[in-house]
Amino acid sequence: MRHALALFDFDATLADSLPWFHQATHRLAGQFGFTPVPLEKVDDFRQREATHILAEVNLPLWKVPRVVNAMR
């Protein structure tokens with residue numbers, strides 16, 4: 001049987017993607033001019049809303065699609 005789609009669950013059950021994500025966002029911070037998040041603050045940000053995080057790192061909402069596209 002062939003499957004057209006495969007889904008992966010990356011919530012740290014199968015893989016810890018935080019180191020990759022942290023490195024990628026630091027690289028993109030320089031490219032797009034927002035403040036990189038220190039690893040010590042990541043746990044604090046987990047409890048915050050996205051709009052608060054964007055404000056904290058000085059990333060305007062209109063730039064988010066560009067950052068997401070570059071992360072791909």
Side-chain angles (χ1 to χ4, degrees):
M1 172 186 268
R2 289 190 69 195
H3 299 282
L5 179 66
L7 298 175
F8 295 93
D9 178 18
F10 285 103
D11 66 352
T13 304
L14 300 175
D16 183 8
S17 57
L18 181 60
W20 172 85
F21 186 77
H22 188 257
Q23 180 184 19
T25 54
H26 271 254
R27 181 178 47 83
L28 293 172
Q31 182 178 345
F32 289 97
F34 63 91
T35 307
V37 178
L39 209 47
E40 310 83 59
K41 289 189 88 174
V42 169
D43 283 335
D44 294 338
F45 279 17
R46 290 176 194 236
Q47 307 303 318
R48 308 277 173 115
E49 292 186 15
T51 53
H52 175 83
I53 295 169
L54 293 176
E56 182 85 16
V57 300
N58 300 310
L59 179 59
L61 190 57
W62 66 268
K63 277 190 182 181
V64 171
R66 293 179 182 184
V67 174
V68 170
N69 190 42
M71 187 166 284
R72 285 185 183 184

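Under a 3.5 Å cut-off, the side chain of His26 and the backbone N or O of Val37 do form a donor-acceptor pair.
One distance of note links CZ of Arg48 with CG of Leu54; it measures 13.0 Å at 0.5 Å rounding. One distance of note links CD1 of Ile53 with CZ of Arg46; it measures 10.5 Å at 0.5 Å rounding.
Clustering ILVMFWY residues whenever any of their side-chain heavy atoms sit less than 4.5 angstrom apart, transitively, puts Leu59 in the very cluster that holds Leu61.
Contact check for Val57 versus Phe45: side-chain heavy atoms found under the 4.5 Å cut-off. Looking at Val67 and Phe34, their side chains come closer than 4.5 Å, going by heavy atoms from C-beta outward.
Shown here are the ring pair (Phe, Tyr, Trp, His ring centres under 6.0 Å) partners of His52, two or more places apart in sequence or in another chain: there are none. Take Pro19 and apply the side chain to side chain contact (heavy atoms under 4.5 Å, CB included) test, not counting sequence neighbours, and it matches Asp16. In terms of the side chain to side chain donor-acceptor pair (under 3.5 Å) criterion, residue partners of Thr35 (sequence neighbours excluded) are, by chain and number, Asn58.
The environment of Glu49 atom CD is sparse: at most 12 non-hydrogen atoms of other residues, nucleotides or ligands sit within 6.0 angstrom.
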* **Val68 and Met71: CA distance, side-chain angles, deciding distance, side-chain contact (heavy atoms from CB on, under 4.5 Å) verdict** => CA-CA 5 Å; Val68 170; Met71 187 166 284; 5.7 Å; no
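In this structure, Lys41 does not pair ionically with Asp44, as no charged nitrogen and carboxylate oxygen lie closer than 4.0 Å.
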